[in-house]
Amino acid sequence: METNDISIQVEDREGNISTLIAPTDMGLSLMEFLKASEYDILATCGGMALCATCCVDVMEGEEKLNEMSDDEYAMLDTLPDLLPNSRLACQLQLNPSMDGLKVRLHAMD
C-alpha cells in the first residue's frame, strides 16, 4: 500500500463489511469514493451538503475527521434518525489521517 492510500472499512445497509483502499491524492470526498466503489449512495445534491442522501455513521475514527461545519450540522439535523456519529460523506475529504476509518451507510427509509 502506497503512502497516498488509506484503508477504510465500509458496512453496507445489509450488514456486509468490506475493507477498501482509498487514494488520498486525488481530492476525493468519502461520498465520491463510495459512489465510485459502487455503493448505493444517492448524493442527490452532488456533494453540496444540501440533501443528506450520503449520510454515513462513523463506527470508528470519528476523532480523525474534520470538524463538522454549520451547513453539515443543519442538514443532518433534518434527519429523523440522526445518530451522534452521523456525518455527510460529501463533507469528508479523504486524507492520510483517516486511515483505518470505519463507517456504516446510514439506513434510508
Notebook entry, point to check: Taking all atoms of both residues into account, what is the closest heavy-atom pair of G47 and C90, and its distance?
Noted result: CA-CB, 3.5 Å
Checklist line | Gap between atom CE of M75 and atom CE of M48 - 0.5 Å precision | finding: 11.5 Å
Check: Mind checking whether V10 and R104 have side chains closer than 4.5 Å, heavy atoms only?
Finding: no
Notebook entry, point to check: Mind checking whether L20 and L105 sit in one hydrophobic cluster, side chains of I, L, V, M, F, W, Y counted as touching below 4.5 Å?
Noted result: yes
Check: Are side-chain heavy atoms of I41 and T53 found at a separation under 4.5 Å?
Finding: no
Next item on the list: Compute whether any side-chain donor of one residue and acceptor of the other, for D71 and S69, lie under 3.5 angstrom apart.
Entry: no
Notebook entry, point to check: Rounded to the nearest 0.5 Å, how far does CG of L42 lie from SG of C51?
Noted result: 7.5 Å
Check: What heavy-atom pair brings T24 and D5 nearest, and what distance separates the two atoms?
Finding: OG1-N, 4.5 Å
Check: Given side chains that start at C-beta, do those of M59 and D57 come closer than 4.5 Å, heavy atoms only?
Finding: yes
Checklist line | For the student: nearest non-hydrogen atoms of F33 and I21, plus distance | finding: CZ-O, 3.5 Å
Item checked: E38 backbone acceptor or donor facing D40 side chain under 3.5 Å -> no
Next item on the list: Determine, stepwise, if the pair S18 / Y39 fulfils side-chain contact (heavy atoms from CB on, under 4.5 Å).
Entry: CA-CA 11 Å; S18 299; Y39 280 91; 3.4 Å; yes
Next item on the list: Tell me, please, which residues at least two apart from E11 pass salt bridge (charged side-chain N to carboxylate O under 4.0 Å, His left out).
Entry: none
Notebook entry, point to check: Do the non-hydrogen side-chain atoms of L92 and N66 ever get within less than 4.5 Å of each other?
Noted result: yes
Checklist line | Minimum side-chain heavy-atom gap V58-L101 below 4.5 Å | finding: yes
Item checked: Atom pair CE/OG of M98 and S7 - distance to nearest 0.5 Å -> 12.0 Å
Check: Do you know the tightest heavy-atom contact between A52 and L88?
Finding: CA-CD2, 3.6 Å
Item checked: Spacing of S37 atom OG and D12 atom CG [to the nearest 0.5 Å] -> 12.5 Å
Check: Is any side-chain heavy atom of L79 less than 4.5 Å from a side-chain heavy atom of S86?
Finding: no
Margin query: Can you confirm whether V103 sits close enough to L30 that some side-chain heavy atom of one is under 4.5 Å from a side-chain heavy atom of the other?
Written below: yes
Margin query: Determine whether a donor-acceptor pair (N or O, by modelled atom type, separation under 3.5 Å) exists between the side chain of E62 and the backbone of N85.
Written below: no
Check: Which heavy atom in Q93 sits nearest to a heavy atom in G27, and how many Å separate them?
Finding: NE2-O, 2.6 Å
Next item on the list: Kindly indicate whether the side chain of I8, heavy atoms from C-beta on, has any atom under 4.5 Å from the side chain of L94.
Entry: yes
Checklist line | Spacing of CD belonging to E72 relative to SG belonging to C55, to within rounding of 0.5 Å | finding: 8.5 Å
Item checked: Minimum-distance pair of heavy atoms, taken over all atoms of V56 and A89 -> CG1-CB, 4.2 Å
Next item on the list: Decide if atom CG of D70 counts as having more than 12 heavy atoms of other residues, nucleotides or ligands within a radius under 6.0 Å.
Entry: no
Margin query: With a 3.5 Å distance limit and no angle check, can you tell me whether R13 reaches the backbone of H106 through a side-chain donor-acceptor pair?
Written below: yes
Margin query: Distance check, rounded to the nearest 0.5 Å: E32 atom CD versus C54 atom SG?
Written below: 10.0 Å
